[in-house]
Amino acid sequence: SQSAAQTFALNENLQASANSWSMGDSALLQTGGTLAITTAAGMDLAQLESGSTVALDSGAGIALRESLTA
């Protein structure tokens with residue numbers, strides 16, 4: 001999980017898997033390349049920015065509350 005207004009940024013691709021994925025209000029997940037997240041349970045996402053493609057795969061619902069840029 002990511003705290004409110006916290007930024008996680010990297011210049012390369014990100015491929016991640018977890019039981020669930022959650023982001024606080026105004027949290028930002030930013031990649032310079034592709035962004036792929038797989039979860040068994042749901043995702044509660046705030047701001048996603050990808051330099052390429054975005055792939056979200058969840059065993060439950062995906063909530064995108066703020067923005068997605070790819």
Side-chain angles (χ1 to χ4, degrees):
S1 67
Q2 225 175 315
S3 300
Q6 182 180 34
T7 297
F8 179 72
L10 59 145
N11 294 326
E12 301 297 323
N13 301 330
L14 174 66
Q15 182 174 354
S17 62
N19 184 53
S20 63
W21 197 283
S22 64
M23 300 170 75
D25 291 341
S26 300
L28 172 63
L29 176 58
Q30 183 179 47
T31 64
T34 61
L35 171 61
I37 302 173
T38 302
T39 62
M43 292 184 210
D44 182 24
L45 307 173
Q47 299 178 59
L48 301 178
E49 292 184 11
S50 171
S52 184
T53 60
V54 175
L56 303 174
D57 183 12
S58 176
I62 300 172
L64 179 58
R65 297 178 282 103
E66 295 181 31
S67 64
L68 169 62
T69 305

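When reading the values below, keep in mind they use all heavy atoms of this one structure, side chains included, and skip hydrogens, waters and symmetry mates. Just so it is clear, the structure is predicted and the values come from calculations on it, not from any experiment.
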Show the atom names and distances, to 0.1 Å, of all donor-acceptor pairs under 3.5 Å that link a side chain in residues 18-41 to residues at least two apart or in another chain.
| residue | atom | partner | partner atom | Å |
| --- | --- | --- | --- | --- |
| D25 | OD1 | R65 | NH1 | 2.9 |
| Q30 | NE2 | E49 | OE1 | 2.9 |
| T31 | OG1 | G33 | O | 3.0 |
| T34 | OG1 | N13 | OD1 | 3.4 |
| T39 | OG1 | A41 | O | 2.5 |
| T39 | OG1 | S58 | OG | 3.2 |

Could you list all the salt bridge (Lys or Arg N to Asp or Glu O under 4.0 Å) pairs where at least one residue sits in residues 8-24, not counting sequence neighbours? none

Decide side-chain contact (heavy atoms from CB on, under 4.5 Å) for L68 and L45; before the verdict, give the C-alpha distance in whole Å, the side-chain angles of both, and the deciding distance to 0.1 Å. CA-CA 9 Å; L68 169 62; L45 307 173; over 6 Å; no

By side-chain hydrogen bond (donor to acceptor under 3.5 Å, both in side chains), E66 pairs with (sequence neighbours left out) Q47

